[in-house]
Student: 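One structure follows; several queries about it will come next.
Every number for a ligand or one of its atoms is a count from 1 in the order of the listing.
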Amino acid sequence: MSLLKLKLLVLSWMAERCLSAQVVHLDRFTFTVDDHALFLSQSAVLEQEHNRSYLSGHMMINRLVNDITLTSSMDIIRPRRPEMRLYNVKLNFCSVLNNGYKNKFIRLLYNNYAGFLNTKPKCPLKPNFNYSLTRAFVDEDLLPDLLPECTYRFRASFEQKSKPLAHMQLDGRLVAKVGRSN
Ligand SMILES: *[C@@H]1O[C@H](CO)[C@@H](O)[C@H](O)[C@H]1NC(C)=O
Ligand SMILES: *[C@@H]1O[C@H](CO)[C@@H](O)[C@H](O)[C@H]1NC(C)=O
């Protein structure tokens with residue numbers, strides 16, 4: 001699936017189903033290393049404060065890494081409804097990092113998160129560099145007025161020439177924001 005299609009899908013999902021004010025809660029974050037020889041160190045910390053979820057973490061690798069493929073999916077689960085797969089994509093992660101900043105959608109995403117990262121990551125990823133993320137959160141004001149409450153599951157896995165490097169999963173909820181009506 002192309003990035004444009006993904007963007008249209010996500011936007012239409014938001015427009016159709018997300019019509020009340022929301023807070024994006026993250027309940028669980030896991031980052032699992034598959035290639036133990038590659039990672040020198042990594043960590044992830046999830047903090048809940050004032051109904052907001054903050055994610056921090058870091059990673060250090062021990063060699064240059066290029067040609068990374070990202071496979072990612074997002075499912076939403078609503079009460080008494082079948083689970084819905086919002087998207088499932090496989091893309092060249094390095095080309096997103098290295099060229100994607102020219103793409104409006106990536107730039108928008110990136111600008112929202114740039115402040116949480118200590119660098120603008122580019123491929124090849126550098127050895128012995130501490131890539132870190134500090135208290136990242138989803139600014140709900142950037143979302144259009146959103147959703148009946150639902151649960152989401154986001155998965156991403158990283159591979160280099162079909163060899164798994166690491167994968168992660170985020171489980172959370174979209175919760176109605178207090179003080180704003182639907
Ligand atoms: C957090 O959310 C709960 C329930 O939605 C609400 O009662 C409480 O006031 C909120 N707390 C803060 C600090 O916003
Ligand atoms: C990397 O940076 C993080 C966040 O700043 C820090 O907590 C961690 O100790 C650092 N790790 C190494 C190995 O330098």
Side-chain angles (χ1 to χ4, degrees), residues 3 6 10 22-75 87 89-143 146 151-175 177:
L3 207 59
L6 173 62
V10 170
Q22 295 291 315
V23 174
V24 181
H25 258 276
L26 179 58
D27 295 312
R28 206 172 79 99
F29 173 81
T30 56
F31 182 86
T32 311
V33 168
D34 297 308
D35 182 353
H36 293 276
L38 174 65
F39 287 85
L40 288 173
S41 107
Q42 55 90 17
S43 68
V45 180
L46 179 59
E47 293 167 292
Q48 311 287 355
E49 254 172 54
H50 305 295
N51 290 342
R52 213 182 228 174
S53 309
Y54 295 92
L55 184 62
S56 304
H58 84 279
M59 74 165 212
M60 277 175 84
I61 54 179
N62 61 9
R63 60 175 165 87
L64 283 173
V65 179
N66 222 333
D67 299 319
I68 304 170
T69 303
L70 166 68
T71 307
S72 174
S73 66
M74 176 111 147
D75 299 298
Y87 72 80
V89 282
K90 188 168 189 165
L91 44 88
N92 181 331
F93 187 58
C94 284
S95 104
V96 171
L97 290 183
N98 293 13
N99 313 313
Y101 298 121
K102 294 191 193 100
N103 175 294
K104 247 193 207 159
F105 183 59
I106 300 276
R107 218 170 44 222
L108 185 82
L109 276 180
Y110 178 78
N111 289 338
N112 293 339
Y113 287 95
F116 306 123
L117 284 166
N118 63 340
T119 186
K120 185 170 180 169
K122 289 259 182 193
C123 285
L125 295 178
K126 294 177 280 190
N128 302 307
F129 182 84
N130 191 345
Y131 290 94
S132 60
L133 182 76
T134 307
R135 286 172 66 81
F137 63 91
V138 179
D139 183 353
E140 53 273 13
D141 290 341
L142 293 172
L143 301 173
L146 277 205
T151 305
Y152 65 86
R153 182 197 308 122
F154 168 86
R155 286 194 177 115
S157 61
F158 302 91
E159 288 174 4
Q160 188 183 33
K161 299 188 175 94
S162 326
K163 183 185 161 88
L165 302 178
H167 60 275
M168 61 179 166
Q169 182 169 331
L170 284 76
D171 294 281
R173 286 165 291 142
L174 293 171
V175 187
K177 198 168 176 176

Student: Any side-chain heavy atom of Asn128 within less than 4.5 Å of one from Lys126?
Tutor: no

Student: Return yes if a side-chain donor-acceptor contact under 3.5 Å exists between Tyr87 and Ser72, otherwise no.
Tutor: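 Yes - a donor-acceptor pair under 3.5 Å links their side chains.
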
Student: Write 'none' if nothing qualifies; otherwise put on separate lines each N/O atom of ligand 2 with a protein N/O atom under 3.5 Å away and their distance to 0.1 Å.
Tutor:
| from | atom 1 | to | atom 2 | distance (Å) |
| --- | --- | --- | --- | --- |
| ligand 2 | 2 (O) | Asn130 | OD1 | 3.3 |
| ligand 2 | 2 (O) | Asn130 | ND2 | 2.4 |
| ligand 2 | 11 (N) | Asn130 | ND2 | 3.0 |
| ligand 2 | 14 (O) | Asn130 | ND2 | 3.2 |

Student: What pairs with Arg155 under salt bridge (Lys or Arg N to Asp or Glu O under 4.0 Å), at least two apart in sequence or on another chain?
Tutor: none

Student: Quick check: do Leu133 and Ser56 have side-chain heavy atoms less than 4.5 Å from each other?
Tutor: no

Student: Under 4.5 Å between any side-chain heavy atoms of Gln48 and His25, yes or no?
Tutor: yes

Student: Please determine, by modelled atom types, if Thr30 and Gln169 share a side-chain donor-acceptor pair under 3.5 angstrom.
Tutor: no

